[in-house]
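Below, chains carry the letters A, B, ... as their sequence lines are ordered, and counting in each starts from 1. All figures in this text were calculated on a predicted structure; none of them were measured in a lab.
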Protein chains: 2
Amino acid sequence: MAKYTMRDVARLAGVSIATVSAYINGTAGVSERLTAKIAEAMAALDYHPDQVARSLKVGRTQVIGMVVPDVTNAFFPEVIRGVEDAAAVEGYSVILCNSNEDAEQEKRHLSTLFSRRVDGVLLACTDTAAAYGSLIQRRFPIVFLDRIPQGIPHAGVCTDNEGAGHVATRHLIGLGHKRIAFVAGNLRHSPHAERLNGFRKAMQEANIAVRDECLRMGDQSIESGYKAGLEMMRLAVPPTAIIASNNRMLLGLMRAVNELKIRCPQQVSIVGFDDFAWTQHFTPPLTVIAQPAHELGRKAMEMLLGQIRAGEGNETKRFENLRLAGELRVRESTARPPALQLVGKTRRKGGD
Amino acid sequence: MAKYTMRDVARLAGVSIATVSAYINGTAGVSERLTAKIAEAMAALDYHPDQVARSLKVGRTQVIGMVVPDVTNAFFPEVIRGVEDAAAVEGYSVILCNSNEDAEQEKRHLSTLFSRRVDGVLLACTDTAAAYGSLIQRRFPIVFLDRIPQGIPHAGVCTDNEGAGHVATRHLIGLGHKRIAFVAGNLRHSPHAERLNGFRKAMQEANIAVRDECLRMGDQSIESGYKAGLEMMRLAVPPTAIIASNNRMLLGLMRAVNELKIRCPQQVSIVGFDDFAWTQHFTPPLTVIAQPAHELGRKAMEMLLGQIRAGEGNETKRFENLRLAGELRVRESTARPPALQLVGKTRRKGGD
DNA sequence: ACAATGTTTCGAAACGATTCGAAACAATTT
DNA sequence: AAATTGTTTCGAATCGTTTCGAAACATTGT
């Protein structure tokens, strides 16, 4: 890298360094004569301004940090795309960090991000603790994404998880299911707690009791979905429908069902969360709640930019919380429960 | 963010700013008395050194850029994990960029990365052109990842794609297949070109002619895999086995096969590339070549660190090329071809 | 022709660290 | 007690920008 500085450009163009700066940033009028000279000099040297020097001076880096528990969870890459798309518009770059579901690592990452003077942080947090309170008090721009912390004022954007849980449940109830099970992820993570709430609410509204043995707490892993599926489908009276609170547990659940040679959806209906390429090519194609992952990322970044730009003042906006609707995509993993399927068939035969 | 500078720490500790720096970086002996005072002052102010100022002075940012065509392709998140793991060890952060398979965007990203004075770049390139030549000549630390450019000296790490294509093909040949098809991705991307080479070589070694209609050039999309699958399985004499050169086309291929009600592996064997959680839970569980994605990322980062550290001198190391072996994971989407299955069964009946 | 006004242009001081070489001090040898 | 050596400490310059205020210049109205 041939490294030229503004000084070199100035010298070559025969102007002062201040003028070059003014030209580049358009901060002051520069005569046509000098404009031409400077442009020429810059081209000749293939000069590119040093952003780190600039950052030091202006106190902004045009970089934000994004920390997620695990990029390897297909939900996050889509979010990242959204974030980048919104970031690119404003000339922002993003430093990506994996916290690996570990509060300690998360803290370390945040700390190095601050040292690097990022202008803000997007955080899918692992920690429920109010470890974030001090950040927010210091008015550091931060917006929470997907996972929302409890008990502190904050800005955040996530799927309307309660609504999504509710919709999924209503879909099953609408099909005639009563023995509906729910395989939750770690309830300390807001999405899973809220999806469970939505489930509970829908069940209550329909006056269906939630049986204890139809509630399983997993840990978001394939393995835990598998175990939950195995256990539940071996019950004396197994559920006729199961909701898996994330895509990994869904996968585990499907494996359990397949292994037990239980037919889906004939014997058990299943709905999961997240929609990826493979979910619709699965056998059977899976009914899921799709999260607006890309949009989630875009909105979060836009909110963060808002905070970054915010002079003082707009306190109201600072703690905005956005919840985007999930979308139920009905495919072939859900159907009427076994008992009703016959009724359904008879009816159709008679009716149509 | 209460922002304190080294000057504040120095003042509070009653020492010079140079001494604080010496203490922090351990560059010179600092007496116990002052050490204590400085540590105390730093703690009192919750001081964290400003990395951007530091970067400006020392000419290193401890940040690298990574540009991939699309994080949304599940292969890359795993690579990213590998990169981050290796980066973290040395205190490096990574700025992630999506080129979106677009040479223009890639160029823009590279350009902003340089402006930000990243210490090096990891690049899964879209462009086959020698647009990278000048970078390399300028000795800018760069290592290519997965996709390797042609015709210029470079450092790179990727899967041994030719070997992988060869292994996949040999697996099918070993099962007795002769009419083997290959659905390639964009051949301008080295992995696909090389996988195809491996396929050709294996076929040649086995003295099996590659039929034209059994070679399809896709574009890495699900759609193209689907189309290729449809077309080939509708041939008068369809192939008895198909290799899909990436995970997306594999998915499309499976859809085509399902739609045509062709049974896999009974009527057609299929092997794909990349191994994710869903591949083994597919119906049938898919035989694939797994790429050592995490390792790929780790090694690439380590090579990059090597280049960054390299004083002048070690020219040999500069253009090192690493090829890591893929691993064939035989599952249930491959079996003996239809004709032989009967023979197989009869034999078994008689023999066992 | 001169003052008043509005543009361009520039010199110099930051931003917050590192680093060089000299100054200050202590310990040792003569 | 002076000279020598080695260790701490510090002042000041520097990295490559931005930005403030003043200087230089051109333009206009009187």
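With hydrogens and angles ignored, the 3.5 Å screen pairs no side-chain donor or acceptor of B:S99 with any backbone N or O of B:Q105. In this structure, A:N321 contributes its side chain and A:H154 its backbone to a donor-acceptor pair below 3.5 Å. Side chain of A:T126 to main chain of A:E101: no donor-acceptor pair is present (N/O by atom type, distance under 3.5 Å, no hydrogens or angles). Side chain of B:R147 to backbone of B:F144: no donor-acceptor contact under 3.5 angstrom is found. For A:Q307 (side chain) and A:I142 (main-chain N/O), a donor-acceptor pair under 3.5 Å exists by modelled atom type. A donor-acceptor distance shorter than 3.5 angstrom exists from the side chain of B:D50 to the backbone of B:A53, with no hydrogens or angles considered. Panel note: side chain A:S55, backbone A:Q51; a donor-acceptor pair is recorded below 3.5 Å.
Residues of residues 19-26 of chain B that place a heavy atom closer than 4.0 Å to DNA chain C, in numerical order, are B:S21, B:N25. Residues from residues 5-15 of chain B that place a heavy atom under 4.0 Å from any atom of DNA chain C, listed by number: B:T5, B:M6.
Close approach of DNA chain C to chain B, defined as any atom under 4.0 Å from a non-hydrogen atom of the protein, starts and stops at C:dG16 to C:dT19.
Side-chain atoms of B:S16 and B:T19 form a donor-acceptor pair, as typed in the model, at a separation below 3.5 Å. Of the N and O atoms on the side chains of A:R323 and A:N161, not one donor lies less than 3.5 Å from an acceptor on the other residue.
Atom CG in A:L45 sits about 14 Å away from atom P in D:dG16, given to the nearest Å. Note: NZ (A:K57) to C1' (D:dT18) measures 5 Å, nearest angstrom. Atom NE2 of A:H48 is separated from atom C1' of D:dT17 by 16 Å (rounded to the nearest Å). One can place CG of B:D50 at 13 Å from C1' of D:dC15, the figure rounded to the nearest angstrom.
Two residues, B:A28 and B:L56, neighbour DNA chain D, and the one matched to the more 5' nucleotide by heavy-atom proximity is B:A28.
As judged by a 4.0 angstrom heavy-atom cut-off over every strand, B:L34 is placed among residues touching the sugar-phosphate backbone only.
Salt bridge annotation for A:D46-B:R138: present, with a cationic side-chain nitrogen under 4.0 angstrom from a carboxylate oxygen. The pair B:E90-B:R309 meets the salt-bridge criterion, with a side-chain N (NZ, NE, NH1 or NH2) lying under 4.0 Å from an Asp/Glu carboxylate O.
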